[in-house]
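Here the structure is laid out as structure tokens; the discussion comes afterwards.
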Amino acid sequence: MRRLAVCLLFGLLAATPALAQRQVEVEILNAHEMRPRRVGSTTVFRLLGDVRLRHGEAVMVCDSAHVDQAANTFDAFGHVRIRSKDLRISGDTLYYDGQSGNGRMLGRQVELHDTVEKAYLWANLLFFNTRDNTAHYMTGGRIRRERTNLESKHGYYDSNQKLATVARAVVYRSDSAEAYGDSIQYFQELDLVKCWGKTRVYDREGMAYGLKVAIDQTNRTLEVEGEAAVDNGANRVYADWLFSNRRQGHTQAKGHVVLVDSLGYQRLYTQHLQYWRSPQLAVADDEPLLFSVDTSARPATDTLFLRMDTLRAWSELAERKVKAAQPTPRSAITDGGVGEKASHQDSVGSGAISKVHDSVVNQGGVSIVDTVRYARAVGGVRAFRRDLQLVADTLYLNGLDSTVTLLRTPFPFVWSDSTQGVAERIVGYFGRKTLDSIRFVGKAIAAIQDDSVSFNQAGGALLVGLLEHNELRRVRVEGDAQLIFFMRDKGDLVGINRVECPSFTAHVAQNKPTDIYFYEGPKSDMIPPKNATQEDRKLFGFEWHDDIRPHSKGDIIPGWLTDFNFYQARRQQMEDYRQKDSPAIQAKRKEKSRSNEPVQPATAQ
């Protein structure tokens with residue numbers, strides 16, 4: 001076999017980038033024929049049949065090749081394969097410029113294999129540079145490393161930097177997630193994916209969306225910046241920045257943050273939110289606001305605005321027994337006393353704060369396993385709804401007995417229209433949809449405004465009110481009960497009636513007492529208006545606190561929250577992208593199913 005030494009820059013075959021920057025000799029190992037051909041003033045060598053060339057540690061194999069010594073160009077045709085120390089490239093046709101180190105490989109499926117990084121690149125047209133060990137495609141291609149796959153119109157691969165960058169119609173897939181976006185960088189050494197543009201990520205947790213996304217597959221973390229959003233089906237979080245550690249089950253959000261339930265009726269706005277998956281715990285500690293739509297309100301829906309310094313909400317599994325028979329109406333108040341037991345027994349049915357998982361019928365009734373929800377609001381607790389306002393230091397929601405408890409120093413307050421209630425502790429009991437009773441415990445006083453300076457008042461150690469459709473219907477006072485009632489005749493004040501007795505019950509209509517029942521020897525004193533002193537007009541410790549009462553939602557909403565619907569456009573965009581991405585995701589699932597591989601967990605509903 002005749003041997004020929006030619007001067008050629010063929011850096012792709014070089015063992016190091018330095019070899020690609022100087023003239024080197026390519027050794028012809030094999031060729032069936034070698035034909036020199038004169039082209040102008042240049043001699044081109046044509047090699048035919050089982051051509052094999054060696055350059056240092058690299059070997060190139062093809063069916064035929066043209067070598068232009070003067071131009072330092074090299075063309076190879078038919079079953080072209082290049083094998084160097086780290087890279088393997090194969091295709092149908094190769095054009096290489098030794099002066100610049102640039103080459104392009106064409107074929108039905110050009111393949112680049114990085115044996116060190118165990119990465120593959122496929123395209124039908126691949127551009128590469130032997131000096132800096134880079135490659136790129138412009139007409140569509142794929143990059144794969146182990147179980148990480150990238151698909152795009154444009155792609156760039158840097159072997160030295162261990163970096164892959166893809167753009168336009170980008171798709172990223174791994175065992176745990178899929179991502180669709182405008183451009184993606186994949187850092188192979190770190191197993192880190194960075195996405196730019198309107199990026200969507202689908203995984204077992206649901207869907208994430210943002211303008212800048214980082215997926216760390218080694219540490220199983222997800223970071224989203226710019227119009228960030230996460231949807232797990234039951235709840236959605238929208239924020240300026242979001243970070244999720246899937247291994248630890250911890251998510252953190254900052255900026256303009258809102259946590260929204262699936263129907264959008266319950267929203268938690270804050271500037272900082274943290275969530276732990278197990279145990280289920282959420283903490284909002286930067287000017288949070290709870291926005292709750294009450295669809296049961298009549299005649300129209302109403303919204304509760306609840307403000308606090310810090311809100312902690314968590315869920316626990318709990319088992320309890322409920323009588324199989326028709327339950328007694330909760331908080332039933334009769335002339336004989338308060339139906340306190342009934343208030344607790346059937347409260348597990350409240351869909352708002354508990355969810356039934358399983359039930360077993362036995363002789364004692366039904367044993368129910370619930371996901372019970374709890375919440376604690378601390379510091380500067382204030383709430384406004386059209387028919388209810390409150391002020392407290394602490395609010396505690398207990399889903400196990402369906403109660404909400406208010407505490408404050410010196411006292412918590414609640415208002416409803418022209419009614420004010422105050423006590424050392426205030427406990428509300430929920431029915432299936434709404435608050436159906438409320439207990440004022442310790443130094444309790446309830447007052448209904450009679451006119452601008454007069455208030456009908458009831459006080460005692462315990463005061464219990466029964467509500468229907470969020471309106472007060474009956475009040476029972478126990479323990480040194482006292483009553484001040486302003487008597488009127490056709491609107492004119494005729495006397496101030498002060499009554500003391502162990503207990504009494506008052507029926508209320510339109511926030512005015514109608515019938516009052518006294519028990520165990522009441523003591524009554526009617527005082528003429530002209531003889532009444534200021535002390536005669538009010539119970540000890542009573543003050544009408546209109547000064548601390550929230551009068552509108554504007555008194556509750558924090559200054560940073562100027563638009564309750566800031567997330568709506570993002571929500572709609574996520575829904576549009578979910579529909580757009582769904583066919584590709586479903587097709588991938590079918591492909592995996594046919595190949596008997598595990599079904600991709602990502603779904604777009």
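Please read all numbers here as calculations on a predicted model, not as lab measurements. These values consider heavy atoms only, across backbone and side chains, with no hydrogens, waters or symmetry-generated copies.
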What is the distance from atom CZ of Phe128 to atom NE2 of His136, rounded to the nearest 0.5 Å?
11.0 Å
Is any side-chain heavy atom of Ser183 closer than 4.5 Å to a side-chain heavy atom of Thr165?
no
So, do Ile143 and Tyr186 sit near enough that their side-chain heavy atoms are less than 4.5 Å apart?
no
Heavy-atom count around [X] [atom1] within 6.0 Å, excluding the residue itself: above 12?
X	atom1	answer
Arg168	CZ	no
Gln248	CD	no
Phe564	CZ	yes
Phe243	CZ	yes

Report the relative orientation of the aromatic rings in [X] and [Y]; use parallel for angles under 30°, tilted for 30 to 60°, perpendicular for over 60°.
X	Y	value
Tyr180	Tyr202	perpendicular
Phe305	Phe291	perpendicular
Tyr396	Tyr374	parallel

Donor-acceptor contact present, side-chain [X] to main-chain [Y], <3.5 Å:
X	Y	result
Thr303	Val293	no
Arg307	Ile556	yes
Thr218	Asp216	no

Closest non-hydrogen atoms of Leu281 and Arg312, given as atom of the first, atom of the second and distance, are CD2-NH2, 3.8 Å
Minimal non-hydrogen separation, Ala423 against Pro412, with atom names
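Scanning both residues, the minimum pair turns out to be O-CD, 2.8 Å.
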Given Val422 and Phe440, is the side-chain contact (heavy atoms from CB on, under 4.5 Å) satisfied, shown in steps?
CA-CA 7 Å; Val422 59; Phe440 298 82; 5.9 Å; no
Salt-bridge criterion met for Glu151 and Arg142 (N-O under 4.0 Å)
no
Dump the intermediate steps for side-chain contact (heavy atoms from CB on, under 4.5 Å) on Val224 and Val213, then the final yes or no.
CA-CA 5 Å; Val224 186; Val213 177; 4.1 Å; yes
Is Arg570 close enough and on-axis enough to Tyr238, meaning under 6.0 Å and within 45°, for cation-pi?
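No, Arg570 does not sit over the ring of Tyr238.
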